[in-house]
2 protein chains.
Amino acid sequence: MNFDAIIAAVNKMIPINQSDFDIVAQKLSVRHLKKNEIWEQEGKICQLMGFVNSGILRQYSLKDGNEFTTDFFMENEFIGNYISYQTQQPSQTITEALEPCELLTIPFHDFVSFYECIPATKKSAKIVGDQKLFQLYEKNTSLLMDSPEERYYKLIEQKPDLINRVPQYMIAQYLGIRPESLSRIRKRHRPKK
Amino acid sequence: MNFDAIIAAVNKMIPINQSDFDIVAQKLSVRHLKKNEIWEQEGKICQLMGFVNSGILRQYSLKDGNEFTTDFFMENEFIGNYISYQTQQPSQTITEALEPCELLTIPFHDFVSFYECIPATKKSAKIVGDQKLFQLYEKNTSLLMDSPEERYYKLIEQKPDLINRVPQYMIAQYLGIRPESLSRIRKRHRPKK
DNA sequence: CAAAGTCATTGACTTAAGTCAATAAAAGAA
DNA sequence: TTCTTTTATTGACTTAAGTCAATGACTTTG
């Protein structure tokens, strides 16, 4: 198992010493996903946290048979359905690999069990959670205040490579519009030949 | 100071004994707000948590001089800008009383200082935080998946009295539409005379 | 009480997203 | 490579929200 990326990601948040990391690492597993493979299914209680070593995933919900992408997870990001785990309620979302992925996973339960003896686990969980809260808050504000067009160009600024790695219709879902509308938004701003 | 409501609210989440509560209560202040009075101003770092004893407040942001209401807080709800406090960044939002309000307030800093010696403080903060996270997540999903009309009728179901206590144009802001559009949505579903 | 201000409704019109269908382009599989 | 599937674009049209302006209802307050 290659821990370089996750160690770097954790160290960006909080210094962690090798022996503490090794203890946690004993509970880590590797999971390889094929393209289009589903990692976590709707209707099940989510028990796993993950770290994306490579690849890209998305979370989406279904309504009347239509998909609504709510989030993307790329290399060096943490992934998990904390709400489902914390409430022990079935997940409303499906998490799917959009490319072949390598994840490091650990059961929430195991990770939480380190909170008291390895303070860095608890602190890093708090930092990641706060970041997610902040992102969610920002997205909410953007959905209220910005036009679809503004949301699209903000996304390009924030995650430029996302646009190139993910089908456009999923970006449209994420922005809350139809794929045809996103195509027309792009056309509007395309320099005329 | 009347602590009945806050004690009941805390006890719903987690049992708390009177002596622990009394210690925390020493740091509580009462704050009375007139209608339209601003509790927390945009651009300042938010240092206070609050509990609404009576009245109703809203949080809103400004963009190009237009208001966008992001949340309402009614009796027996906790209020505060955790993100601003945690990041020590200026608040992007304004919190304003929509009716005469009585708040119990406590500085985040003081409340956090009880985390180790009074575990109920930490646990209740976690529960409130998780509930807010869940609500934010739900609202986000609703903005993506539901029509303005559906969002309006969901809101009526979830907070029936909100509609009667708050100007309609603020409800429209909260739903992400113009007040004229909300008026027409209501008209569509009004039984014809 | 009258006057001023605020808020909701309505009408006429504009704008942009949604829908449906056809085609083109790109990606994957045999 | 060719065939198939998936995805993106475009056109024609519908629908609903946005905009602007006028009016009426309701509050507030001097």
Side-chain angles (χ1 to χ4, degrees), chain A residues 33-38 55-56 58 60 63-69 72 96-101 142-156 162-193, chain B residues 34-38 55-56 58 60 63-69 72 96-100 142-156 162-193:
Chain A
L33 297 166
K34 290 178 219 151
K35 182 171 177 175
N36 298 325
E37 193 174 347
I38 285 174
I56 184 166
R58 68 158 175 158
Y60 66 99
K63 180 185 179 187
D64 306 329
N66 297 311
E67 295 174 358
F68 293 86
T69 298
F72 297 99
E96 174 197 52
L98 299 179
E99 297 174 358
C101 289
S142 184
L143 283 168
L144 281 183
M145 305 207 305
D146 302 332
S147 67
E149 198 167 316
E150 286 174 293
R151 294 203 290 280
Y152 177 63
Y153 287 101
K154 271 193 185 177
L155 184 63
I156 287 187
L162 190 70
I163 316 291
N164 304 316
R165 291 174 66 183
V166 163
Q168 200 167 297
Y169 74 89
M170 293 181 190
I171 304 284
Q173 291 168 10
Y174 181 79
L175 297 172
I177 58 176
R178 310 261 96 208
E180 296 95 326
S181 297
L182 178 53
S183 177
R184 292 196 172 97
I185 285 171
R186 286 158 49 88
K187 189 181 183 180
R188 267 183 238 155
H189 287 253
R190 205 179 299 148
K192 284 155 202 157
K193 61 136 196 314
Chain B
K34 292 180 215 148
K35 184 172 174 171
N36 298 326
E37 193 174 347
I38 285 173
I56 184 166
R58 69 159 173 155
Y60 67 98
K63 181 186 177 185
D64 305 329
N66 297 310
E67 296 176 357
F68 293 85
T69 297
F72 297 102
E96 173 199 53
L98 299 179
E99 298 173 359
S142 183
L143 283 169
L144 281 184
M145 306 207 303
D146 302 332
S147 67
E149 198 167 317
E150 288 175 290
R151 294 203 290 278
Y152 177 63
Y153 287 103
K154 270 193 185 176
L155 184 64
I156 287 187
L162 188 71
I163 316 292
N164 305 316
R165 291 174 66 183
V166 163
Q168 199 166 298
Y169 74 90
M170 292 181 190
I171 304 284
Q173 290 168 10
Y174 181 77
L175 297 172
I177 58 177
R178 311 260 98 206
E180 297 95 325
S181 298
L182 178 54
S183 178
R184 291 194 173 99
I185 286 171
R186 285 156 51 86
K187 189 182 183 181
R188 266 182 240 157
H189 287 253
R190 205 178 297 148
K192 284 153 201 158
K193 64 140 190 310

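Below, chain A is the first sequence line, B the second, and so on; all start at residue 1.
- The side chain of Glu180(A) has dT19(C) as its nearest neighbour among dA17(D), dA8(C), dT19(C).
- Listed candidates were dG18(C), dA8(C), dA8(D). Nearest to the side chain of Pro167(B) is dA8(C).
- In this structure, Glu149(B) atom CD and dG18(D) atom P are separated by 13 Å, rounded to whole Å.
- What separates CG of Asp146(B) from C1' of dA17(C) is a distance of 17 Å, to the nearest Å.
- Side-chain nitrogen and oxygen atoms of Arg188(B) include at least one within less than 4.0 Å of the OP1 or OP2 phosphate oxygen of dA17(D).
- For the OP1/OP2 pair of dG11(C) and a distance below 4.0 Å, the side-chain nitrogens and oxygens of Lys187(B) include at least one atom meeting the criterion.
- A 4.5 Å side-chain heavy-atom check between Arg165(B) and Phe72(B) finds every atom pair outside the cut-off.
- If you take CG of Asn164(B) and P of dC26(D), they are 15 Å apart, rounded to a whole angstrom.
- Atom pair Glu150(A):CD and dA17(C):P shows a separation of 11 Å (rounding to whole Å applied).
- Checked against Glu149(B) for a side-chain contact (heavy atoms from CB on, under 4.5 Å), the options Ile185(B), Leu175(B), Ile177(B), Leu182(B) give a single hit: Ile185(B).
- Looking at heavy atoms from C-beta onward, Pro148(A) lies in side-chain contact with Arg151(A) at the 4.5 angstrom threshold.
- Nucleotides of DNA chain C nearest to Ile185(A) and Val166(B) differ in position, and the one nearer the 5' end is that of Val166(B).
- Contact annotation: Lys35(A) side-chain N/O to dA27(C) OP1/OP2 distance is not under 4.0 Å.
- In this structure, the CG atom of Leu175(A) is 15 Å from the C1' atom of dA16(C), given to the nearest Å.
- When heavy atoms are screened at a 4.0 angstrom cut-off, Arg184(A) is found touching base atoms of the nucleic acid.
- Picking from dA17(D), dA17(C), dT10(D) the nucleotide with the shortest atom distance to the side chain of Ser181(B) gives dA17(D).
- Here the P atom of nucleotide dT19(D) and the CG atom of Asp64(B) are 11 Å apart, to the nearest Å.
- Taking all atoms of both residues into account, the shortest heavy-atom contact from Leu144(B) to Tyr174(A) is CD2-O, 3.4 Å.
- A sub-4.0 Å separation between OP1 or OP2 of dT6(D) and a side-chain N or O of Gln168(A) is absent.
- Proximity of Lys63(B) to Asp146(A): side-chain heavy atoms (C-beta onward) are separated by under 4.5 Å at one or more points.
- What separates CG of Asn66(A) from C1' of dT19(C) is a distance of 12 Å, to the nearest Å.
- A straight line from CG of Asn36(B) to C1' of dT27(D) spans 12 Å, rounded to a whole angstrom.
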